[in-house]
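What follows is a short report on a single structure.
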Protein chains: 2
Amino acid sequence: MIEESTGLETIERRIREAGLKVTPQRINVLQMLLAGSHPTAEYLIEKVREKYSSISSSTIYHILDAFVEKGVIGKVYTHGDVMRYDAILENHHHLHDIKSDRIEDYFDEQLFQQIKKYFEDNPISGFELTDIKVKLRGKFSNNNSK
Amino acid sequence: MIEESTGLETIERRIREAGLKVTPQRINVLQMLLAGSHPTAEYLIEKVREKYSSISSSTIYHILDAFVEKGVIGKVYTHGDVMRYDAILENHHHLHDIKSDRIEDYFDEQLFQQIKKYFEDNPISGFELTDIKVKLRGKFSNNNSK
DNA sequence: ATTCTTGCAAAGCATTTGCACCCTG
DNA sequence: CAGGGTGCAAATGCTTTGCAAGAAT
């Protein structure tokens, strides 16, 4: 039930439930968003074209904007000056290898709770906290690669 | 002694010790970097020109690149698609108000130590951690503004 | 049928680059 | 005076926009 499915119906539902029309372009973009890891627009343009070669880059930007606006995906803000997108919206942190510019998701509810508790005990005066993200920079040791 | 001075000698020393030649352009840029809070290049161009009106925007970019490369300043990666710069290199976190796109530094050694200890107890397999940054998103309540 | 979506071509804009002159050390 | 720094102008490249034709509901 808590399946992170990437099946076609799931993808279509995800688009439809955002109040957007289901088009082959959008399906293909969302599929690639789910397959890749924090892809850039440029990467998506290339990848989507492998299956849907006629798609315009402008359309991809349109679609990404619409998805972000409707909360279907998120934007990632890290090193580098091009935008990256994230199809996973669950609360998670990022592992970031600056050298390779590789970003991996890192789920750790315990860490999140611990930091949350820290700020309950030590509130920041003048700042109402809504979201905590931990950016972990370091180096991947080449095994466990995707 | 642990004075966060912005005096001229300190500024010149900071440039010289990075192995860069001391020029009026660089002095002015670094002064504005220290005065502002995570300024953008555009903001710096405008501000520096108030004192040094003939400076070229290309020069500012050259200078910022040199400063970042030599570790005199850092880059900040957050919302928005323009680059921001940070003259403070001490380990610190950021408070980020998305609505106003305002970023404040947040120093909290205790938090840092706690998270560091957390990862000593719970290392991430396949990832060698070198730096921890906590991105705190929320809303400033308008008092204590700079 | 109507509204949303696509895609082309062109514009926008932050940043980079080539190159000649100038200044710091 | 040598090497690095500056600045102009032009280029670059990601992203946005205007608009007309096409597709989804």
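Heavy atoms only: backbone and side chains are in, while hydrogens, waters and symmetry mates are out. Reminder, nothing fancy here: chain letters follow the sequence lines and each chain counts from 1.
- Distance from the side chain of M83(A) is smallest for dT15(D) among the nucleotides dT15(D), dC4(C), dG5(D).
- Residue A41(A) is in sugar-phosphate contact alone, with no base atom involved, counting any heavy-atom pair closer than 4.0 Å across all strands shown.
- Judged by atom type and distance alone, S56(A) does not reach the base of dC8(C) through any side-chain donor-acceptor pair under 3.5 Å.
- Annotation: of the two residues near DNA chain D, Y85(A) and V22(A), the 5′-most nearest-nucleotide partner is Y85(A).
- Closest to the side chain of T23(B), from the set dA24(D), dT6(D), dG4(D), is dT6(D).
- At a threshold of 4.0 angstrom between heavy atoms, the contacts of S54(B) are confined to the sugar-phosphate backbone, with no base atom among them.
- Closest to the side chain of Y61(B), from the set dC14(D), dG7(C), dT15(C), is dT15(C).
- When distances are taken from the side chain of P24(B) to each of dT6(D), dT24(C), dT16(C), the shortest belongs to dT24(C).
- When the P atom of dC21(C) is taken as reference, atom NE2 of H62(B) falls 17 Å away, rounded to whole Å.
- Under the 4.5 Å side-chain heavy-atom criterion for Ile, Leu, Val, Met, Phe, Trp and Tyr, F67(B) and V22(B) are members of the same hydrophobic cluster.
- Taking 4.0 Å as the cut-off between side-chain N and carboxylate O, E12(B) and R16(B) count as a salt-bridged pair.
- Remark: E69(A) CD is loosely packed, at most 12 non-hydrogen atoms of other residues, nucleotides or ligands lying under 6.0 Å away.
- Closest to the side chain of S58(A), from the set dT24(C), dT17(D), dC14(D), is dT17(D).
- Within 4.0 Å of T59(A), counting heavy atoms only, lies at least one base atom of the nucleic acid.
- More than 12 heavy-atom neighbours from other residues, nucleotides or ligands sit within 6.0 angstrom of NZ on K133(A).
- Atom CD1 in I60(A) sits roughly 14 Å away from atom P in dC14(D) (whole-Å rounding).
- Comparing atom distances between the I55(B) side chain and each of dA14(C), dG7(D), dG25(C) picks out dG7(D) as nearest.
- Of the listed nucleotides (dT5(C), dT6(D), dG7(C)), dT5(C) has the atom at the smallest distance from the side chain of R26(A).
- Ion pairing of E50(B) with K47(B) is present here, as a side-chain N (NZ or NE/NH1/NH2) and a carboxylate O approach within less than 4.0 Å.
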